[in-house]
Structures are given as C-alpha cells and as structure tokens.
Amino acid sequence: MFLWAWEVKMKTIGVLTSGGDAPGMNAAIRAVVRSGIQNGIKVMGITRGYNGLINGELFEMNRYSVSDIIQRGGTILKTARSDEFRTPEGRKKAHNVLKVFGIEGLVVIGGDGSFTGAQKLSQEFDIKTVGIPGTIDNDLNYTDYTIGFDTALNTVIESVNKIRDTSSSHERVSIVEVMGRHCGDIALFAAIAGGAEDVIIPEVNYNLDDLCKTILEGKQRGKVHNLIILAEGVGEAEYLGKEIESLTGIETRATVLGHIQRGGSPSASDRILASRLGHRAVEVLINGGSQRVVGIKDNQIIDIDITEALSLKKEFNKDLYEISKILSY
Ligand code: ATP
C-alpha cells in the first residue's frame with residue numbers, strides 16, 4: 001500500500017535487531033527502511049539492540065544505507081542482549097532516547113525475548129511496536145517460519161552430506177549436534193532432508209537401548225552408516241557417542257556444528273520472507289497498529305497481537321517426526 005507523505009501520521013520510526021543473529025535480518029532491515037522511506041517516513045537505525053537504544057546509538061538511514069546487504073548474513077545493525085532493558089529504569093532510558101529522536105514506532109527484529117521487551121515498552125510508554133521474527137530456531141508458534149531457519153537448515157544439510165560420505169566409507173555411526181535448546185525443528189527438518197537414521201529432539205523422550213537396537217538392526221540389514229541428528233537441548237554429542245560405541249561396539253564419531261549454523265548468505269526463501277515481513281511491519285505502523293508481530297501462516301503474511309503470539313506454545317510437528325521414523329527404516 002502506498003500513501004502520500006501528507007497522509008502519513010507517523011513521521012519517524014526506528015528499527016533494531018536483538019537477541020541471536022539470523023541470516024536474513026539484513027533483508028528485513030532493508031525492507032523496513034525502503035518501505036518506510038517510500039511512504040515518506042524517516043527511518044532511524046538503532047545499533048546493538050536495546051543496549052544501543054539505551055545508549056543513544058542511532059543514525060538516520062536512507063535507501064543507500066541498505067544497498068548491497070540483501071545477500072549478507074548477520075546484521076548490519078549489530079545485535080546484543082541487554083540486561084538493563086529488562087528493568088523498568090532501563091526501559092525509561094530507552095523511552096527518553098526515542099522521545100529525543102521523535103521516534104513514534106519501533107520495529108524489533110528478534111525472537112520471543114525481544115518481543116517481550118517490545119511489548120513492555122509499548123505497555124509502559126506511548127510507543128508503537130511491531131516485531132519481526134528473526135531467529136534460526138523456528139521456535140515461535142504463531143508463524144510457520146522465522147527468518148534464518150531455512151538458511152540454517154541448508155547449512156546443516158551441507159555439513160551432514162559431507163559427514164555422510166566419510167561415515168559411509170568407515171561404516172561408522174555419526175552423531176551431528178545442531179542448535180535447538182527447546183525446539184527441535186532444525187534437527188527434525190535436517191533429519192528428513194539429510195536422510196538421517198534417527199533424530200533426538202527435546203520434544204520427544206528417547207531411550208538409549210532402543211536407539212542402539214535400531215543401529216544394530218540397521219547394520220544387520222546392510223546399512224553402511226548410521227546418521228543421528230541431535231538437538232543441543234537434549235544432551236552432548238560427544239557423551240552420547242561414547243555411550244553408543246560402548247553399547248554397540250560400532251565406531252562412533254560426534255560433530256558439533258555450533259555457530260556455523262548462524263552465519264552465511266541467506267537463502268532465497270529467507271530473503272523473500274524477510275522482505276515480505278519487513279514491508280508488512282511498516283504497513284502495520286502506518287495503519288496505527290501497535291504491539292503486533294508479523295509472521296507467515298499457510299504462505300500468507302499475517303500480523304497478530306504480541307500478547308497472543310507470546311502466549312501460544314510452540315506445537316511439535318508430530319507428523320513430520322513420524323515421517324522421519326518411517327523413511328529412515
Ligand atoms: P533468540 O531466539 O535468538 O534467543 P531472543 O529475542 O529470544 O532471540 P533474548 O536474549 O531472550 O533473545 O532477548 C533479547 C533481549 O530482549 C534481551 O537481552 C532483553 O534486552 C530483551 N528482553 C528479553 N526478555 C525481556 C523481558 N522479559 N523484559 C524486558 N526485556 C526483555
């Protein structure tokens with residue numbers, strides 16, 4: 001939607017990235033800045049998340065501030081975690097800075113913690129907020145996907161393919177530990193896309209004896225390797241590997257992918273999602289919306305109330321888990 005400048009009530013908005021970084025955050029920043037400017041709005045970039053906001057780290061952005069960033073991982077605005085912002089005093093300081101710069105609306109790109117911060121800011125002060133889901137974990141219920149998840153998944157698959165090669169050659173068991181403290185989506189999706197024999201995620205209890213039985217039965221049927229994807233929230237790959245090796249007698253190797261999963265050029269899918277969400281976030285502010293979060297459901301861009309979004313517990317994709325079991329046999 002395009003509105004002429006004189007029709008726009010909101011004159012200045014701010015944008016920040018907060019929490020863990022995710023590939024595609026830059027594409028979201030670009031969409032916010034360009035959609036804002038197109039609608040005659042001044043856009044202030046805030047660096048280092050809520051910390052930067054409290055410390056007054058702001059600068060005016062123009063169309064060229066976001067040139068050549070759509071393909072870059074990380075976030076040009078930097079990101080941070082801020083304990084001070086968790087306190088009412090910290091948020092008061094943040095509000096003072098927003099007032100000084102005439103910022104009426106704030107776009108927060110981050111995860112559920114960052115959304116909670118935005119919600120509090122709006123509840124305590126006259127500041128409109130919109131959240132854009134930027135986290136590789138895909139741990140938010142109200143949206144089918146978060147920005148960064150698809151890229152992280154592809155990074156995992158690239159590594160898994162390589163580990164498979166060496167695992168097959170040596171006829172080993174391989175355990176690949178991926179990110180996901182409370183949400184097993186990266187592990188589950190990677191298990192299906194990577195053709196893993198088993199997946200261990202926080203949402204489902206696993207039994208070590210059953211796992212070893214499956215490994216041994218697979219070997220008897222002629223499987224040349226055994227690939228297990230483990231979500232970090234469940235346990236340590238190294239420890240599990242030792243247990244499996246001692247129980248099955250099969251050589252086992254553990255790989256922890258770690259921060260490699262956060263980096264890299266965003267996938268086309270993440271860039272498109274980020275562009276659509278960034279554009280919608282600005283529309284929400286222009287239309288007077290506040291305490292909203294944007295997301296994607298059944299390929300439609302949506303915006304819903306932030307409190308409702310935060311109250312929804314992430315549902316575990318049981319069907320996908322069952323499929324992974326059937327296809328790994
Ligand atoms: P990720 O999913 O990558 O962890 P996140 O946004 O959930 O991202 P958090 O570290 O939980 O990451 O939150 C980011 C920041 O949001 C915190 O450092 C803090 O400044 C702010 N924040 C989080 N929770 C609250 C809260 N309850 N009240 C006020 N601010 C909060």
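Both ligands and their constituent atoms are indexed starting at 1 by order of listing.
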Side chain proximity check, [X] to [Y], heavy atoms < 4.5 angstrom:
X      : Y      : answer
Asp185 : Asp139 : no
Phe85  : Ser18  : no
Tyr145 : Asp150 : no

So, is [X] polar-close to ligand 1, with some N/O to N/O distance under 3.5 Å?
X      : value
Arg181 : no
Gly110 : no
Asp83  : no
Asp139 : no
Gly111 : yes
Asp137 : no

For [atom], closest protein heavy-atom neighbour:
atom                    : result
atom 4 (O) of ligand 1  : Arg81 NH1, 3.3 Å
atom 3 (O) of ligand 1  : Gly20 N, 3.0 Å
atom 6 (O) of ligand 1  : Ser114 OG, 2.5 Å
atom 27 (N) of ligand 1 : Thr116 CG2, 3.4 Å
atom 2 (O) of ligand 1  : Thr135 OG1, 3.4 Å

Any donor-acceptor N/O pair, Asp303 side chain to Val293 backbone, under 3.5 Å: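 Flag not set: sc Asp303 to bb Val293 has no pair under 3.5 Å.
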Side chain Thr151, main chain Pro266, donor-acceptor under 3.5 Å: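 No.
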Under 3.5 Å, which donor-acceptor pairs do the side chains of residues 232-244 form with other protein atoms, sequence neighbours left out?
residue, atom, partner, partner atom, Å
Glu232, OE2, Gly180, N, 3.0

Go through ligand 1 atom by atom and flag the ones less than 4.0 Å from a non-hydrogen atom of [X].
X     : result
Arg91 : 29 (C)
Ser18 : 14 (C), 15 (C), 16 (O)
Tyr50 : 16 (O), 20 (O), 21 (C)

Proximity winner for atom 20 (O) of ligand 1, if only heavy atoms of Ala80, Ala22, Ser82, Gly113 are counted: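 When every heavy atom of Ala80, Ala22, Ser82, Gly113 is considered, Ser82 comes closest to atom 20 (O) of ligand 1.
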For atom 24 (N) of ligand 1, the option (of Arg262, Arg86, Lys120) bearing the nearest heavy atom: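 Among Arg262, Arg86, Lys120, the closest heavy atom to atom 24 (N) of ligand 1 belongs to Arg86.
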Aromatic Tyr50 / basic Arg86 pairing, under 6.0 angstrom, 45° off normal: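 No, Arg86 does not sit over the ring of Tyr50.
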Thr75 side, atom OG1; Arg48 side, atom CZ - distance, nearest 0.5 Å: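 It is 10.5 Å, given to the nearest 0.5 Å.
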Mode of Asp112 contact toward ligand 1 - side chain, backbone, both, neither (heavy atoms, under 4.0 Å):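 It is both parts that get close, each with some atom under 4.0 Å.
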Phe189: ring pair (Phe, Tyr, Trp, His ring centres under 6.0 Å) partners, not counting sequence neighbours: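 Once residues adjacent in sequence are excluded, the partners of Phe189 under the ring pair (Phe, Tyr, Trp, His ring centres under 6.0 Å) criterion are Phe149.
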Heavy atoms from other residues, nucleotides or ligands near CD of Glu322 exceed 12 (cutoff 6.0 Å):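 Enclosed: over 12 neighbouring heavy atoms sit under 6.0 Å from CD of Glu322.
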Donor-acceptor side-chain pairing of Ser265 and Arg271 below 3.5 angstrom: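 A pair is found: one side chain offers a donor N or O, the other an acceptor, under 3.5 Å apart.
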